[in-house]
Structures are given as structure tokens and as C-alpha cells.
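Quick notes on the structure that follows.
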2 protein chains.
Amino acid sequence: MEIIERKPRNREQTRSGILKTAKAIARREGWQAVSIRKIADAIEYSAPIVYEYFDSKDVLLDEIRNEGFRHLYQEYDRILTLYRDPEKRLFEISLVQWEFARQQPEIYQVMYNLDGALCSLPVHQSESMQAVSRIVCKTIFSFIPKAEESIRRLYFQWWSVSHGMITLAMLLKNEQPIEQSEQVYRETMRRFVRDLR
Amino acid sequence: MEIIERKPRNREQTRSGILKTAKAIARREGWQAVSIRKIADAIEYSAPIVYEYFDSKDVLLDEIRNEGFRHLYQEYDRILTLYRDPEKRLFEISLVQWEFARQQPEIYQVMYNLDGALCSLPVHQSESMQAVSRIVCKTIFSFIPKAEESIRRLYFQWWSVSHGMITLAMLLKNEQPIEQSEQVYRETMRRFVRDLR
DNA sequence: TAATCTCAGTTAACGGTGTTAATTGACTGA
DNA sequence: TCAGTCAATTAACACCGTTAACTGAGATTA
């Protein structure tokens, strides 16, 4: 009886250990250095065990990606409870996006297949990403009540500016200090939000 | 005597054959499918021969990346000879960037380490990329004669918007038609250029 | 008790990767 | 004829994702 109860728990611990280890290696050595065998070594199992938790490396990466989107969703949701002003909301959401990419670059990388991270499962049509899209669209709509088509265009623009600056800031961080990029990011996103009005 | 003349020529042909083959495989199957052995097979040589032309796979990818930046540079330069109006110039440069990513996505991918392409040699401090930076900065300066610092900020903003939209348009192309993304891109870049004034 | 079953976890294997050392074999000059 | 050169090859190393075969300990049953 207690075996039945202990087994799932340990199973869940092992599973999250795999995810945690994959992220740790990626952070330390980059995604190209993440291998099933290395993960297995770190959690003190043999490689085939990993396949009892994830059907393939792709599925493992997809899970980390979805974790990332779910994390973003929660942060965005928190912003909505903290602020009522739609402009403030969208601006703060922009800052959260920057902070996330800054604090957990390895997750941001796998979310967008950057820097050697490659998950071939399609990221669009993933529920977790669509939830993020919806919450940002909702925020934009709440202060620009236009047709859905227009909202999606504005969302595409907001996303592009934010994502573009984040990826280029990462790319150029050795010749353009990240603090400087952040300042430009803040000004640009503030302007974007203001100009929506 | 004729050997000495034929050798360098064939060498150059073989070299460009390697580059061409790498790009062809990447276009067809994605960068994760590009291997030294596959390239060697295609040019009907054994794998170690590739190493007589490129010290490593990284160096090979770096060369393709630089080819891409040099190509962009030439296109930008052509724009400068075609138009005199700075606004028109920057807008046309933006369109060239879009068209380039559209026509040769596999090169755009390796230039920015997207979708499994990974070249670990640092892309900043590459001469070919700096030349591209300079020509765009020059164009911006020619109609906003501010301090170099301000120009670099504007360039960073221009580049971010363009790059962000291009990468997200690629990412979302299965749910948002590319023609629609292109329309938003054109409007956004036109607005960006107009607002510089 | 002895034989069987279950099953978590292992090793071994397949075909692939980047890369390098050792080897072939044809042609050159002495 | 012998040695040297040199383009090109094969073989090897240490990895990779993935799967099949196997081990061995504990539970179940006859």
C-alpha cells in the first residue's frame, strides 16, 4: 500500500530532477551540451530510465518550453492583479518578459529555439503559449477595444519588438552592456505602450 | 606547370561546393541534419577532405554566416546607389532584410543561431557584420545627424524591430500567413522610418 | 519450500556525429 | 629501381539518441 503511494511521489521527484538537470547543464554549458546520458549520470540512473519519463529528447525539451510559458503566464497574471491601468499593465508585462529572459536565458532559448536549442515539436498550437497570447491580447484589448484582427496585429507588433530587443541584447551583450540595452528596452516599450493610445 | 594552375582552381570549386552543399542540406532538412559526412558524400569525397578546407564545422558555419552578411552588405550598398532620400533608403533596406530572410531562411538561421543552427564563433566582432552595422548607421546618420551614441541606439531599435518581426513571422507562419506578416512588417518599418524624422 | 512471475534497472547494441591518426597507392625525381 | 611526396582513404575515438535484450531481487503461487 505505501509502495503505491511512495512510487508516484518518487516518480515525480525523478521526473522533475530530469528537467532540473537538463536546465542546469544548458545554463552551464549551453543546449548543445545537453545529452540524455549526461542527464542520466547526474540523476544517478542509466540513460534508458530517462525514456520512462519522456518519450524522446524532443518531448523533454517541449516540457521545459511549456514550463517556461506557464511561468510567464503566471507572472503576467500576477501583473493583472497588481495593476488596474491597462498601460501600466502592458508595460509591466514587458518588463517581466525582459527579466525572465535575463534570469533564465536557457529557458528563453529553448522556448524560441535559440543558440543551439532545438525542439522540433511545433511551438504554435501549444496550449501554454496560446494562454500567454490570450492574456496579453486581453490586456491590449482592455484599453484598445478593437476587432480581434487588429488586436492580434498589435500583439504581433508588441511581441516582435520585445523579442527582437531581447535576442539582440543577448547577442550583443559583449559589446553593448546589458544595462544599456535594458534602458533602451524600457524606453522603447514605454513608448510602444504610450503610442497605442 | 598546368597542375599548379589547375590545383588552386579546383580547390576553390571544391570549397564552394562544400558551402553550397551545406546550405542545400540545411534548406532541405534543417541545420540539425547537416553533417560533415553528408556534405562529403554529396561532393563525392571522404569526410576528412572537408577538414582541408575548413578547420572545423564551426568555421564552416562561420563562413556561411559571413557570406550572408556580405550579401546583405552588397544589397544595402545597392540601395544607397538607387535612392538618395534617406527615408526611402532605410525603408528599402528594411525590405531587403525581409526578402533575404524570406528567400534564404537557412542562411538567416545560421547568422543568428536560429532553429538548431549553432556556430559558436562570436558573431559580433565579425568584420562582415560590423560592415553591415556601419552602412545602416551611416544611412540613419545621413538624415538624423546626432551623436554616434544616439545613432547606435536608433540602429539597435531598427534592427530589433526588423529581426523580431522576421523571426516571429517565421515561427508563426503556420497560423499567420506570411503575406499578412509581411504587410505588418512593411507598415511597421515605414512608421519606424517616418517617426525618426 | 521451490518454482514462477514481475519489473525496475542495467548492459549492449545500432546507426549516427565531429574529428584525427594511420594507411594506402599512384606519381615524381634521383 | 628506390625513395619520397602527397592526395585521398580507411579506421578509430569518444560521443550522441534510441531501443532490445538481459539481469537480479522481491512477490506470488503451487
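Predicted, not measured: the structure shown is a model, and the values here were computed from it. Residue numbers begin at 1 in each chain, while the letters A, B, ... track the order of the sequences.
With respect to the salt-bridge test (charged N to carboxylate O, under 4.0 angstrom), the residues B:Arg194 and B:Glu87 do not qualify. The pair A:Glu182-A:Arg186 meets the salt-bridge criterion, with a side-chain N (NZ, NE, NH1 or NH2) lying under 4.0 Å from an Asp/Glu carboxylate O.
With rounding to whole Å, A:Leu118 atom CG is found 17 Å from D:dC16 atom P. Atom-to-atom, CD1 of A:Ile36 to C1' of C:dT17 comes out at 16 Å; the value is rounded to the nearest Å. Regarding A:Asp58, its CG atom lies at a distance of 13 Å from the C1' atom of D:dT18, rounded to whole Å. Counting to the nearest Å, the C1' atom of C:dT19 and the OH atom of B:Tyr53 are 18 Å from each other. For the pair B:Leu60 CG and C:dT17 C1', the computed distance is 15 Å after rounding to whole Å. Rounded to whole Å, the distance from OH on A:Tyr51 to P on D:dT18 is 3 Å. In this entry the distance linking NZ of B:Lys38 with P of C:dG16 reads 9 Å, nearest Å. In this structure, B:Arg11 places its CZ atom 13 Å from C1' of D:dC6, rounding to the nearest Å.
Both B:Ile49 and A:Ala33 sit near DNA chain D, but only B:Ile49 has its closest nucleotide nearer the 5' end. With DNA chain C read from its 5' end, the first of the two nearest nucleotides for A:Glu52 and A:Arg37 is the one closest to A:Glu52.
Annotation: B:Phe156 is not in aromatic contact with B:His163 [ring centroid separation under 6.0 Å not met]. Ring centroids of A:Tyr112 and A:Tyr108 are separated by less than 6.0 Å, placing the two rings close together.
A cation-pi arrangement, defined by a distance under 6.0 Å to the six-membered ring centre and an angle within 45 degrees of its axis, is present between B:Arg190 and B:Phe91.
Comparing D:dA20, D:dT10, C:dG18 against the side chain of B:Pro48 picks out D:dT10 as the nearest. For A:Lys57, whose side chain is taken as the heavy atoms from C-beta onward, the closest listed nucleotide among D:dT18, D:dT9, C:dG18 is D:dT18. When the nucleotides C:dT17, C:dT20, D:dT9 are ranked by their closest atom to the side chain of B:Tyr45, D:dT9 comes out on top.
In this model, the phosphate group of D:dC16 is approached by a side-chain N or O of A:Ser35 to a distance below 4.0 Å at OP1 or OP2.
Residue-level contact check: A:Val34 touches the backbone only, with heavy atoms under 4.0 Å from sugar-phosphate atoms and none from bases.
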